[in-house]
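Report on the following structure.
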Amino acid sequence: MKQHLQKLFTQALEQLQISQDIRLERTRDNQHGDFACNIAMVLAKKLHKKPRDIATSIVEKLPKDDFIAKVEIAGPGFINIFLTKQAYYATIDDILRLKTEYGKNQLGNNQSVLIEFVSANPTGPLHVGHGRGAAYGAALANLLQTVGFKVHKEYYVNDAGRQMDILAVSVWLRYLELCDETIEFPANGYQGDYIWDIAADLHRNHAAMFHKKITEIFADIPPDEKDGGDKELHIDGLIQRSKQLLEKDYKIVFKQALDTILANIRHDLEKFGVEYEEWFPESNLTDTNKVQQTIDQLQAANHTYEKDGALWFKASDFGDEKDRVIVRDNGQFTYFASDIAYHKNKLERGFDQLINIWGADHHGYVPRVKTAMTALGYNAEQLTVLLVQFATLYRGKERLQMSTRSGEFVTLRELREEVGRDAARFFYIQRKSEQHLNFDLELAKSQTNENPVYYIQYAHARICSVMRQLTEQGQSWQHNKLANLETAHEQALLVMLARYPEVIEMAAIAHEPHQLTYYLRELAQNFHSFYDTHKILVTDNELRDARLSLTAAVQQILQNGLTIIGVSAPEVM
RNA sequence: GCGCUCGUGGCUCAGCCCGGAUAGAGCGUUGGCCUCCGGAGCCAAAGGUCACAGGUUCGAAUCCUGUCGAGCGCGCCA
């Protein structure tokens, strides 16, 4: 509807030989009609004319249209458009005809988008901090798909770095404890209970196959932190020693740890309703020498130099604040190096746009990756990084820590089991992503009925109930005679329904799924209010059918919207 | 110190990108509503100098500058 009106305005302006972007807005007050346009005031300065005079001449040129009932010039020069009832009845017709397709458009023009999100290191289970990225990414992917993008969801699995070695060593040490050895667990090891579980599996399947003497393992290893040493050197020493002693078997331990945790993550995400087209392993890049090749390319283009034994990328040549190391003095690639290779790989796969969803603590990292893309000859504009603020977790007034290393965290699984998938997903995206989120577990658990998600779902369930009643009475209905919809409640619902495509479009373009949650709440509210005031299943068949048409349309929109944000639309609650 | 993000009723937040007509919700508080399609509901009331100070503008919660306050980032960590 909005687009339709914009076309009419464009035609009017063409006749006046003015070119200007037209901005139409829904009015807050229906006294001002359905849409308002402030174009006359925008043009006033440019044309040196009074806004109201400009408005008058535009209105004169506005083509006649079945959907426009009345056009008024108001206030300082607003052009207010009043739509005909036909315009709103057409919306109902469209919704009931197009069903789940309603609200879709071709704005994205079938461009391909790779959207990468969560990508948590497989060193432990997903915790509630990751949940927000998961919920946001999945909802955004759905939105982009709805407006006509070809969406490819991807999880980048960091399975090749030092962190993974630390994980493997942690598992191995716990395994040795299960072999009745007594060890000092390293300060920098992973301490969570899940490490024990993996170790136990290892012990069950391989018995004492990986058992080595403790004295042999810890001989000449730099002291740990608690003994006055450096915990990093200590763990690095242990990694080296593990590889020496276990030889080929190291891979078995490593793989067991990785596979178990990854399976766990996949399972959690699946249960959370988040699915990916691809799980892209970092080892894919390292094993095929892609990281080295990328570095070679940067070197060949003279974008690197050596200093203090390390290889640096001249990021500052491309606008970053300082140069960045890509190969450490010990010969290892930095995380940044494989990230450059990964983004190069993404672009080589031919995607038109890349979207990364990162925790806000990575914001300093954004220019770094972009400069690398520029240096490699790509257009950095193709990459959009969306930052999601971390959720601060509270249990009542107590602020909880979330550290994978120390093993102190609430897992995504626990959250899902305690507050439910629908409530959790809704809770995560109802706030703007770059807004800090206070997630109070007590509140989410104890007052789940007050979560707005139930309010919306209840509206849907209520409608389903009405439909059931009708069937139970052995009746059916036909979609016609919408002219009977005259009350204020019905009018308000018609307007809400007509707004849906506008909300979808805006939410998708702005990457703001929370817009949709607010809309759905308002729609549900309008419905509850209508339902409370007017009976739907009245004896007058024509009025009943008109109200059922409206109701069915509301049901459809609730379902469409909830599906996009990953929340179910239950028939009963 | 530099950079990024944020400051809107008691609490949690929309609105800001793209300035516009009385600043909106939810929770909480107070008072009403079930002989009637599901009360996880409805109706109503109280409650806000939009952090502060300047500036731009016919017009600023919205744009600009500064101040104060909060969070995060500034590693050969990932």
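Because the structure is predicted, anything quoted here is derived from the model rather than measured.
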In whole angstrom, what separates [X]'s [atom1] from [N]'s [atom2]?
X: E72(A); N: A21(B); atom1: CD; atom2: C1'; value: 13 Å
X: F426(A); N: C13(B); atom1: CZ; atom2: C1'; value: 12 Å
X: F530(A); N: G41(B); atom1: CZ; atom2: P; value: 18 Å
X: H460(A); N: G41(B); atom1: NE2; atom2: C1'; value: 17 Å
X: N38(A); N: C18(B); atom1: CG; atom2: C1'; value: 9 Å
X: Y454(A); N: G38(B); atom1: OH; atom2: C1'; value: 17 Å
X: I429(A); N: A14(B); atom1: CD1; atom2: P; value: 13 Å
X: F427(A); N: U12(B); atom1: CZ; atom2: C1'; value: 8 Å

Under 4.0 Å, heavy atoms only, any strand: does [X] hit a base, just the sugar-phosphate, or nothing?
X: A459(A); answer: nothing
X: D329(A); answer: base
X: N330(A); answer: nothing
X: K307(A); answer: base
X: N121(A); answer: sugar-phosphate
X: H511(A); answer: nothing
X: H363(A); answer: base
X: E571(A); answer: base
X: V366(A); answer: nothing
X: A510(A); answer: nothing
X: E321(A); answer: sugar-phosphate
X: Q389(A); answer: sugar-phosphate
X: R521(A); answer: sugar-phosphate
X: E522(A); answer: nothing

Problem - Near-parallel close stack of H32(A) and A21(B) base (under 5.5 Å, under 30°) - result: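 It does: the ring sits over the base of A21(B).
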Pairing partner (Watson-Crick or G-U wobble, both distances under 3.5 angstrom) of [N]:
N: U56(B); value: none
N: G38(B); value: none
N: G31(B); value: C43(B)
N: C6(B); value: G69(B)
N: G24(B); value: C13(B)

Problem - Heavy-atom closest pair, residues G189(A) and S170(A) - result: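 Closest approach of G189(A) to S170(A): CA-OG, 3.5 Å.
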I'd like the [atom1] distance from [M] over to [N], given in whole Å.
N: A40(B); M: C27(B); atom1: P; result: 14 Å
N: U22(B); M: G66(B); atom1: P; result: 32 Å
N: U8(B); M: C52(B); atom1: P; result: 10 Å
N: A61(B); M: G32(B); atom1: P; result: 38 Å
N: G75(B); M: U12(B); atom1: C1'; result: 37 Å
N: C16(B); M: C63(B); atom1: P; result: 9 Å

Should [X] be listed as having a side-chain N or O under 4.0 Å from OP1 or OP2 of [N]?
X: Y455(A); N: C27(B); value: no
X: Q435(A); N: G71(B); value: no
X: K432(A); N: G15(B); value: yes
X: Q469(A); N: G38(B); value: yes
X: Q525(A); N: C42(B); value: no
X: S529(A); N: C43(B); value: yes
X: K322(A); N: G75(B); value: yes
X: H514(A); N: G15(B); value: yes
X: R23(A); N: G19(B); value: no

Handout entry: Interatomic distance, F336(A) atom CZ to Y365(A) atom OH [nearest 0.5 angstrom]
Key =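 Those atoms lie 6.0 Å apart.
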Handout entry: Torsion-based syn/anti label for C4(B), 90° from 0 as limit
Key =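 Because its glycosidic torsion lies more than 90° from 0, C4(B) adopts the anti conformation.
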Nucleotide nearest [X] (side chain, heavy atoms from C-beta), chosen from [options]:
X: R431(A); options: A78(B), G38(B), C13(B); answer: C13(B)
X: Y335(A); options: A78(B), A21(B), C76(B); answer: A78(B)
X: W312(A); options: G20(B), A40(B), C76(B); answer: C76(B)
X: A36(A); options: C42(B), A40(B), A21(B); answer: A21(B)
X: Q515(A); options: A78(B), G15(B), C72(B); answer: G15(B)
X: Y531(A); options: C72(B), G41(B), G39(B); answer: G39(B)

Exercise for the section: Could you point out which residue of T487(A), L537(A), V466(A) forms a side-chain contact (heavy atoms from CB on, under 4.5 Å) with R547(A)? Expected result: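 Going through the options one by one, the only one that passes is T487(A).
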Handout entry: D320(A) bridged to K314(A) by N-O distance under 4.0 Å
Key =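 A salt bridge is absent here (no side-chain N lies under 4.0 Å from a carboxylate O).
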Check whether the ring centres of [X] and [Y] lie less than 6.0 Å apart, and answer yes or no.
X: Y136(A); Y: H514(A); answer: no
X: Y458(A); Y: H528(A); answer: yes
X: F82(A); Y: F35(A); answer: no

Problem - Any donor-acceptor N or O pair under 3.5 Å, side chains N188(A), E232(A) - result: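 Result is yes, a qualifying pair exists.
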Handout entry: Cationic tip of R521(A) above Y455(A) ring, under 6.0 Å, 45° of axis
Key =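 Yes, R521(A) sits over the ring of Y455(A).
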Problem - Which residue lies more 5' along RNA chain B, comparing M41(A) with F336(A) via nearest heavy atoms - result: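 This one resolves to M41(A).
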Practice task
Take E434(A) and C37(A), find for each the nucleotide of RNA chain B with the closest heavy atom, and name the residue whose nucleotide sits nearer the 5' end.
Solution key: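 First, find each residue's nearest nucleotide; the 5'-ward one identifies E434(A).
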Exercise for the section: Would you confirm whether Y194(A), through its side chain, and T123(A), through its main-chain N or O, come within 3.5 Å as a donor-acceptor pair? Expected result: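 Pair found, side chain donor or acceptor close to backbone of T123(A).
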Exercise for the section: Classify the side chain of N80(A) and the base of A21(B) as holding, or not holding, a donor-acceptor pair under 3.5 Å. Expected result: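 Looking at the base of A21(B), it does pair with a donor or acceptor on the side chain of N80(A) (distance under 3.5 Å).
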